[in-house]
Every structure is written in C-alpha cells, then in structure tokens.
Protein chains: 2
Amino acid sequence: MARKRFENFCCSTAQTLDQIGDWWSLLIVRDLFAGARSFTALADNLGVARNILTDRLKRLTEHGVIEKAPARSADERFAYRLTEKGRDLLPVMIALMQWGDKWVRGPGCEPLLVVDARDGKPVRPMSVRAWDDRILGLADIRSLPGPGAQRAAGEAVSSPSPVTKDTAPA
Amino acid sequence: MARKRFENFCCSTAQTLDQIGDWWSLLIVRDLFAGARSFTALADNLGVARNILTDRLKRLTEHGVIEKAPARSADERFAYRLTEKGRDLLPVMIALMQWGDKWVRGPGCEPLLVVDARDGKPVRPMSVRAWDDRILGLADIRSLPGPGAQRAAGEAVSSPSPVTKDTAPA
DNA sequence: GTAGCAGGTTGCAACTCGCAACCCAGCCCG
DNA sequence: CGGGCTGGGTTGCGAGTTGCAACCTGCTAC
C-alpha cells in the first residue's frame, strides 16, 4: 500500500517527517551539507538508485528544501543546493549524527568530527535549552497545546502521561 | 526491492537512520516521549497498522531504544518504555518538531509548545554550540575525519566542498 | 561524426505496507 | 464455569515502492 502521509497529524514532528523523513531524503540533505552538488555525485556517494534519487530531488525541491540551479561549471550541468529552509536542518543533522556517534558507533569511533571553525574544538552535544541557557532534560520540560492545536480525529497526545510531559490535564 | 540498509556507511547519520529513521519508528518514539505506553494506545494514536507496529516495536527493542516491561496495570498488559538510549533522542525530536513548527506550520501555528517546567517559557530553538556556548551557524563549523573514519568503498564525503565544510584535503 | 559523460527515464522483479480478518490468553459477569 | 470483552498480537492478500539495469538525450570533446 502507499505509505501513509502524515499531513493531518497534529504534532509538527509528523509534518517534518512527511517532508524529509524519507529514507533517502535526509541522506541527500546530509550530502548537500557536506558539499555534494551534482546528480552524479549524490548518486555515487549514496549508492542510491537513480530513479529514486530523481524522485527525492523532485520532492525536496517541491517542498522548498533544496533548489536546482542551472549553474553549469564545466563538468556539471545543474547544481542542487540547500535553500534557507534546508540549511535550517543543521541542528537536526547534527543531533542525528551525535546520537549515532554515541549510541551506534560508540565513543572514540566517530567517523566524522564537527568542530568549531574558530578554535577547532568539537561542538557541544546538542541539548535542549531554557531561555536562560540552562540545559534541560526530559524531566525539566512540559509540553502543552499551542496556538495551532486542533483536537482533530486521529491524533491526541493523550495517554497516561508520565512525570515528564503532559498535555493540559483538562 | 528490500530497502537498502545503511550499516556500512561512514557517517553516523546513516547509522542513526538505520536504527530509527523508519517512517514509523520516530513517531513511535515521539508518542512514547508523550506518554503512550501500551500497544493499543500507540496503534490508536498513530493509526499505524498493527503488524507494522509489532515489527517496529520489535526492531526498536532489538536496537535497545525501547524496552517492553511486563508491567501490567489493570488495563494494559505490557508497557513499552524508552531506554536511556531512547530518551537520548530528545534533542533529535525537539529539533524535528521545531523545524516543522517553523517551516511547515508557520510561526504562531505550533500545535504543541515545549516549555521549561520551571518558568513556563518556551525552550530555545535548538542550535549548534561551541564549547564556550557561542551559537554556531553553518559557516562557523568544519567537519573532519574522526577516529573511526574509514575510507571504505561506497562512502566518501568528498565532492567540491563549499566554504562550509570540508573533509581533510589529504 | 562519433565517443563520452551528466542527467535522467523506463521496465521488471523483489520486497513492504496497509487493511481486514483471525487468534489467543486473561479477566469479568452472570 | 461458560461466554463475552479487551489487550496484544499474527496471518494473508493486494497494491505500492524500491533497486537494478538497460536505455535515452543533449552537450562537449576529440
């Protein structure tokens, strides 16, 4: 069956996944962050099937995450680039990478280090911050319905909330 | 065809996606963050097919992201809970949610607000930080091969690096 | 003028997802 | 103590995607 789309989900996480949560889309974005630009470079780096790559590039373009510039520079015809929307995925990419570094590869086995360009030190682990910059853990945050909340059918972050989060007890 | 697995990719992002990058896995994790615990609650909230849910729960359990506790409390037989590894996905979840808030829903339309439990203020937008806590943009960081770097076939973050990132020109 | 390459498109086969129906083990109730 | 209800799945089927490889196209180079 067709993959279910998440458009009418309440939480923005679902919306995000609907646009870039695809298996390949995020890796394409990662490669664009890393400097890849041409169709062939992406295809070679990722090892993705070309028809799939075509489809994903089209979809990402439609969503405004990347753009296809007809800039030809000798050995490439088009250059795919991140838009501002795409570049704004940096925290997501870094968070995913750090999680993989920590929990999949294990400490000391990072294949790629992201460092501060100024002093060459690794960047900090991503963390949720309060307005006064305190680092917040799961126990320090609450979630509540925002301005765009809609109690539409098919979605309701209800359930027996643990200590950590709740969604307006009434 | 079978979805390609990313196990032998260099970048940890691919590894992360291999474990939790599935369409449903991240939403399951999100719901667990939000307090859902039982099989039925997850199935109802997400609207996911039960066989798929079974499969994803099994896979997430195998990867150690969640655990299935036989804790029965009257109306549920089992309780699925996040492990420490799973709880460590908080930055990823928040980053995804914030991106969706900003770029899909638009400002002022957030369906869910995550706030500091202490003062009720919204948490800060996720951002990459230097060791001295400066907020770093794409232009402020570099990436270089880490201790686990392997120039294995099928992966090479090469390509004509832009100003932003590079991968050790030799 | 033809070889080569970037950038796709097309067809086929294998694999997965979604749906709905079925199963099973505990309880709750009479 | 037998039947129904509910939680938590499993099974089968058909439609939809993915992966692979082959083919096409518009340029440039030789």
Side-chain angles (χ1 to χ4, degrees), chain A residues 1-9 14 17-18 20-28 31-32 36-62 66-81 154 158-160, chain B residues 1-9 14 17-18 21-28 31-32 36-62 66-81 153-154 158-160:
Chain A
M1 266 299 203
R3 231 209 68 239
K4 212 168 190 171
R5 293 270 148 194
F6 302 132
E7 289 148 5
N8 36 5
F9 268 62
L17 291 179
D18 205 50
I20 55 146
D22 182 77
W23 276 112
W24 290 110
S25 298
L26 261 175
L27 285 180
I28 291 169
D31 257 36
L32 291 175
R37 279 183 307 179
S38 69
F39 185 90
T40 310
L42 289 168
D44 290 352
N45 280 348
L46 298 174
V48 58
R50 303 156 78 92
N51 51 351
I52 305 294
L53 179 57
T54 302
D55 180 73
R56 292 305 179 277
L57 287 173
K58 191 174 68 179
R59 202 175 297 177
L60 286 171
T61 305
E62 283 167 4
I66 66 176
E67 59 191 357
K68 179 183 187 173
R72 64 185 59 190
S73 67
D75 61 336
E76 56 190 17
R77 317 269 167 93
F78 305 105
Y80 292 96
R81 293 180 318 188
S158 49
S159 319
Chain B
M1 263 304 204
R3 230 209 67 242
K4 211 167 190 171
R5 293 270 148 194
F6 302 133
E7 290 149 6
N8 35 4
F9 268 61
L17 290 179
D18 205 51
D22 183 77
W23 278 112
W24 290 111
S25 298
L26 261 175
L27 286 179
I28 291 169
D31 257 37
L32 291 175
R37 278 183 307 179
S38 69
F39 185 90
T40 310
L42 288 168
D44 290 352
N45 280 349
L46 297 174
V48 59
R50 304 156 77 101
N51 50 350
I52 305 296
L53 181 56
T54 302
D55 180 72
R56 292 305 179 278
L57 289 172
K58 190 174 67 181
R59 201 173 300 176
L60 285 171
T61 306
E62 283 168 3
I66 65 176
E67 59 190 359
K68 180 181 184 174
R72 61 185 61 189
S73 68
D75 59 340
E76 56 189 20
R77 317 266 167 94
F78 305 103
Y80 292 96
R81 292 180 317 186
S158 51
S159 319

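What you see below is based on every heavy atom in this structure, not just the backbone, and it leaves out hydrogens, waters and symmetry mates.
Set against dG8(D), dT9(C), dG19(D), the side chain of R50(A) has dT9(C) as its closest nucleotide.
Spacing between atom CG of L46(A) and atom C1' of dC20(D) amounts to 17 Å, rounded to whole angstrom units. Rounded to an integer number of Å, the gap from CD1 of I52(A) to P of dT17(D) is 10 Å. L53(B) has its CG atom 16 Å from the C1' atom of dT16(C), to the nearest Å. Across the protein-nucleic acid pair, D22(A) atom CG and dC17(C) atom P stand 12 Å apart, rounded to whole Å. Taking atom CG of residue L57(B) and atom C1' of nucleotide dG7(D), one finds them 14 Å apart after rounding to whole Å. Here the P atom of nucleotide dT28(D) and the CD atom of E76(A) are 15 Å apart, to the nearest Å. To the nearest angstrom, C1' of dC17(C) lies 15 Å from NZ of K58(B). In this entry the distance linking CD1 of I28(A) with P of dG7(C) reads 14 Å, nearest Å.
Within 4.0 Å of K68(A), counting heavy atoms only, lie sugar-phosphate atoms of the nucleic acid but no base atom.
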*Tell me, with the steps shown, if K4(B) and W23(A) meet side-chain contact (heavy atoms from CB on, under 4.5 Å).*
CA-CA 9 Å; K4(B) 211 167 190 171; W23(A) 276 112; over 6 Å; no
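Inter-residue side-chain proximity for Y80(A) and K68(A) is flagged as met; some heavy-atom pair is nearer than 4.5 Å. At least one side-chain heavy atom of L32(B) sits under 4.5 Å from a side-chain heavy atom of I28(B).
Rounded to the nearest 0.5 angstrom, S38(A) OG and D44(A) CG are separated by 8.0 Å. Here the CG atom belonging to L53(A) is positioned 9.5 Å from the CG atom belonging to L60(A), to the nearest 0.5 angstrom.
Between the side chain of R3(B) and the base of dG19(D), no donor-acceptor pair of N or O atoms lies under 3.5 Å. Judged by distance alone, with hydrogens and angles left aside, R77(B) brings no side-chain donor or acceptor close enough to the base of dG8(D) to form a pair under 3.5 Å.
Within the 4.0 Å cut-off from OP1 or OP2 of dG8(D), at least one side-chain nitrogen or oxygen of S38(B) is found. When the side-chain nitrogen and oxygen atoms of W23(A) are compared with OP1 and OP2 of dT17(D), none of them lie within a distance under 4.0 Å. Of the side-chain N and O atoms in T54(B), none sit less than 4.0 angstrom from OP1 or OP2 of dG9(D).
Recorded end-axis angle for the helix from dG1(C)-dC30(D) to dG30(C)-dC1(D) stands at 10°, based on five pairs per end and rounded to 10 degrees.
One finds no salt bridge joining D18(A) and R59(A) here, because no Lys/Arg side-chain nitrogen approaches an Asp/Glu carboxylate oxygen to under 4.0 Å.
Positionally, the nearest nucleotide of DNA chain C for Y80(A) lies more toward the 5' end than for the other of Y80(A) and K4(A). Comparing N51(B) and F39(B), the nucleotide of DNA chain D nearest to each residue sits closer to the 5' end for F39(B).
Residues L42(B) and A36(B) approach most closely at CD2-CB, 3.9 Å, considering heavy atoms.
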